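This report refers to the structure that appears directly beneath it.
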Amino acid sequence: MLFLSKSNVAQNHYHMSGYMQDQAYINAASIASYDHVSGSVFMKKQWVGMSGAPNFQGITLHTPIKNSSNSIGINLVNDVIGVNQKTSA
């Protein structure tokens, strides 16, 4: 009998259904289209009540720089799936 084994590696992309409410999270370049301070807080929790269930939280804040055509912003994200946790800024 011959047994073959292969390690699989996959990417985990954040899934958000409300992308129109937080375009800056999906596309950071979109903050250039705003002429005011803008931000959002979002959360998604799946399989409520199950141990190790995926959950996802984030905060975005961005503002234009006065007397300039530039903007500045920050995205903070916390993603937990089972024993794996990814926090990014």
Side-chain angles (χ1 to χ4, degrees):
M1 229 182 226
L2 178 65
F3 291 99
L4 298 175
S5 174
K6 182 180 177 187
S7 173
N8 291 322
V9 178
Q11 294 178 347
N12 177 27
H13 296 286
Y14 304 123
H15 180 319
M16 291 184 59
S17 57
Y19 65 91
M20 290 303 291
Q21 287 79 21
D22 191 28
Q23 294 177 357
Y25 172 72
I26 302 297
N27 179 8
S30 71
I31 65 172
S33 65
Y34 296 104
D35 61 351
H36 56 277
V37 175
S38 182
S40 65
V41 177
F42 48 89
M43 181 205 149
K44 179 176 139 181
K45 190 166 190 169
Q46 295 176 269
W47 311 336
V48 177
M50 293 184 70
S51 177
N55 63 60
F56 174 71
Q57 304 88 27
I59 297 172
T60 65
L61 179 64
H62 44 86
T63 183
I65 299 172
K66 288 187 180 187
N67 301 322
S68 171
S69 61
N70 297 313
S71 297
I72 189 167
I74 187 166
N75 292 340
L76 302 174
V77 175
N78 181 45
D79 187 24
V80 179
I81 299 177
V83 297
N84 299 317
Q85 179 175 2
K86 181 179 179 183
T87 303
S88 60

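From a predicted model like this one, the values you see are computed outputs, not experimental measurements.
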Distance-only donor-acceptor check, side chains Asn78 and Thr87, under 3.5 Å:
yes
Where Pro54 and Trp47 come nearest, the two heavy atoms and their spacing:
CD-CE3, 3.1 Å
Is it true that atom CE of Met50 has more than 12 heavy atoms of other residues, nucleotides or ligands lying nearer than 6.0 Å?
no
Between OG1 on residue Thr63 and CG on residue Asn70, distance to nearest 0.5 Å
12.0 Å
Under the side-chain hydrogen bond (donor to acceptor under 3.5 Å, both in side chains) test, residues paired with Gln46 that sit two or more places apart
none
Flag if over 12 foreign heavy atoms under 6.0 Å of CD1, Ile72:
no
Which distance, rounded to the nearest 0.5 Å, do you find between the CD1 of Ile81 and the CZ of Phe56?
10.0 Å
What verdict does the side-chain contact (heavy atoms from CB on, under 4.5 Å) test give for Val37 and Leu61, after you've listed the backbone C-alpha separation in whole Å, the side-chain angles of each residue and the deciding distance to 0.1 Å?
CA-CA 8 Å; Val37 175; Leu61 179 64; 4.0 Å; yes
Please report the shortest heavy-atom distance between Ser71 and Pro64, naming the atom on each side.
OG-CA, 3.7 Å
What are the two closest non-hydrogen atoms of Asn75 and Thr60, and how far apart are they?
OD1-CG2, 3.0 Å
